[in-house]
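In what follows, a structure is listed as structure tokens, so that the remarks can point back to it.
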Amino acid sequence: MSSTVDSPQPPAASPSNNGRRTLSACCGVHALHDGYTDLLNVLYPLLQAQFGLSYATVGILKLLYSSAMASGQVPSALLAERIGGARVLALGTALAALGYVVAGLSGGLMGVAIGLVLAGFGGATQHPIASSLIASAFTGARSRTALGTYNFAGDIGKMALPIAFATLAAATSWREGLFAVAALGIASALLIPLLLPATSAERMTASKAAASRAAAGSDNRGAFRLLLAIHVTDSLTRSGLVLFLPFLMRDKGADLPTIGLALSLLFAGGAFGKLVCGWLGEKLGVVRTVFLTEFLTAALIIALLPLPLVPALALLPLVGVALNGTSSVLYGTVPEFVTPERRARAFGIFYTGGSVAGALGPPAFGLCGDIAGLSVTMIMVAAAALLTLPLTWALRPALR
């Protein structure tokens, strides 16, 4: 019995070293992978210009990437239980970088599509595994704080890599820009095993068991399904706006670096929104905060349409606050509806639901763009944000 009590002690006694190192490494990986995903929104207009693509075809390219990411999350988590999270993270990061190399080397659209699929499968390893590693390294309130830091790090990558890629692509070409970000990914893949302490499946299982004993609770599956539906709808809105914002900015006269700046402004506001809306969720409650952010998202998207370029750029940080702030509130509500031992699975489902919405939304909105034009499509994106309101209202009884 004493050995059972003593065995968890080393991980608990050394969080200052291993925990901090795990958090730092996972934050770096999160920034890289989220940056990898969002720089594609700069790449799509370049591909459209080179290959003469329709909006629907651009949406299909995003569908391929998002589908690969969504379908790879659960298998990567299972693989991590067998060979370790650090190894799978390193392999996934290398695969994502390889995907961008393939896309850059390709002379045709088919090769680009294959490269995006490879990059999507590589990116699928990041969210579930990094979250599990951080949850294993920190417990209780420390875990929530660490995961919040980890989530914020992703927005740093969203701000930095799109504008860096846009600058490189404008100075050279989109192919050389992809090679540059791929080199960053390969270097990161080599560093991950050195930075991340080995985490065995037994230690992760022990951590989950300890969490189960430390807290009692019961599942509220109906409320979780509602929360998931709100998250999916919110992700649908986000994917639509992020996909079409570069085209909207281009129609307002923005050049390539300015388009990168526009995305960076949006993501900078989103990073701030995650912090502010987490605080608002505590002060106002989940329902009021989601109503506020989603209504503001819809209103601001509509407001972007008639504005000239400079005022539209000035409005984008506020758009980002509303657009990304909701996700912070929803993510923090997941533990209220599931028991501790089922939270990892619940978060996995939550991530996958958002990924599926991100995969299916762009082709649907792209088809709308081809039929009705860009302005009507942006109005449809705004309307999608308002669909979350009745779902959120139905969640009220579970939150009392």
Shortest non-hydrogen contact from Ala96 to Gly123? CB-N, 4.2 Å
So which residues get pulled into Leu360's cluster when ILVMFWY side chains under 4.5 Å apart are joined, directly or through others? Leu63, Val356
Do Pro246 and Leu263 have side chains that get closer than 4.5 Å, going by heavy atoms? yes
Interatomic spacing from CD in Gln50 to CG in Leu43 - rounded to 0.5 Å: 9.5 Å
Going by heavy atoms in the side chains, are Val42 and Trp174 under 4.5 Å from each other? no
Which distance, rounded to the nearest 0.5 Å, do you find between the CG of Leu47 and the CG of Leu61? 6.5 Å
Closer than 3.5 angstrom, by distance alone: can the side chain of Ser106 be matched with the main-chain N or O of Val102 as a donor-acceptor pair? no
Asp370 side chain to Leu367 backbone, donor-acceptor under 3.5 Å: no
Decide yes or no for Phe165 and Leu178: does some side-chain heavy atom of the first lie under 4.5 Å from some side-chain heavy atom of the second? yes
Leu39 CG to Tyr44 OH distance, which is reported to the nearest 0.5 Å: 9.0 Å
Tell me if a side-chain donor or acceptor on Thr297 pairs with a main-chain N or O of Ala322 at a distance below 3.5 Å. yes
Find out whether Leu386 and Phe295 are in side-chain contact, i.e. whether some heavy atom of one side chain is under 4.5 Å from a heavy atom of the other. yes
Does Leu304 reach the side chain of Leu300, with side-chain heavy atoms less than 4.5 Å apart? no
Pair Asp155-Asp34, side-chain contact (heavy atoms from CB on, under 4.5 Å): steps then yes or no: CA-CA 7 Å; Asp155 291 309; Asp34 274 19; 5.6 Å; no
Side-chain donor/acceptor of Ser24 to backbone N/O of Arg21, under 3.5 Å: no
Donor-acceptor pair, His30 side chain versus Ala130 backbone, under 3.5 Å? no
If you measure from CG on Leu91 to CD1 on Ile192, what distance do you get to the nearest 0.5 Å? 9.0 Å
Using side-chain contact (heavy atoms from CB on, under 4.5 Å), reason through Ile60 and Leu53 one step at a time and then give a plain yes or no. CA-CA 10 Å; Ile60 290 172; Leu53 307 180; over 6 Å; no
Going only through I, L, V, M, F, W and Y residues with side-chain contacts under 4.5 Å, is there a path from Val286 to Leu387? no
Is it the case that Thr258 and Asp255 place a side-chain donor and acceptor less than 3.5 Å from each other? yes
Among the clusters formed by ILVMFWY side chains lying less than 4.5 Å apart, do Leu228 and Trp393 turn up in the same one? yes
Just jot down the ring-ring contact (aromatic ring centres under 6.0 Å, His included) partners of Tyr36, sequence neighbours excluded, or say none. Tyr100
Evaluate the side-chain proximity of Ile379 to Ile302: yes if any heavy-atom separation is below 4.5 Å, no if none is. yes
Side chain proximity check, Glu294 to Thr233, heavy atoms < 4.5 angstrom: no
Flag yes if more than 12 heavy atoms outside Phe179 fall under 6.0 Å of its CZ atom; otherwise flag no. yes
For Leu309 and Met249, run side-chain contact (heavy atoms from CB on, under 4.5 Å): C-alpha distance rounded to whole Å, both residues' side-chain angles, the deciding distance at 0.1 Å, then the answer. CA-CA 7 Å; Leu309 177 60; Met249 293 294 105; 4.0 Å; yes
Gap separating the CG atom of Leu266 from the CG atom of Asn324, nearest 0.5 angstrom: 7.0 Å
Listed partners of Thr293 passing side-chain hydrogen bond (donor to acceptor under 3.5 Å, both in side chains), at least two apart: Thr326
Mind checking whether Phe244 and Tyr55 have ring centres under 6.0 Å apart? yes
Main-chain N/O of Leu305 paired with Lys252 side-chain donor or acceptor, under 3.5 Å: yes
Are Leu395 and Leu227 close enough, and set up right, to give a side-chain contact (heavy atoms from CB on, under 4.5 Å), and what steps lead you there? CA-CA 7 Å; Leu395 192 64; Leu227 190 70; 3.9 Å; yes
Find out whether Arg250 and Gln48 are in side-chain contact, i.e. whether some heavy atom of one side chain is under 4.5 Å from a heavy atom of the other. yes
Can you tell me how far apart CG (Leu46) and CZ (Arg175) are? Round to the nearest 0.5 Å. 11.0 Å
For Thr125 and Gly122, indicate whether the former's side chain and the latter's backbone hold a donor-acceptor pair under 3.5 Å. yes
Within 6.0 Å of CZ in Phe291, more than 12 heavy atoms from elsewhere: yes
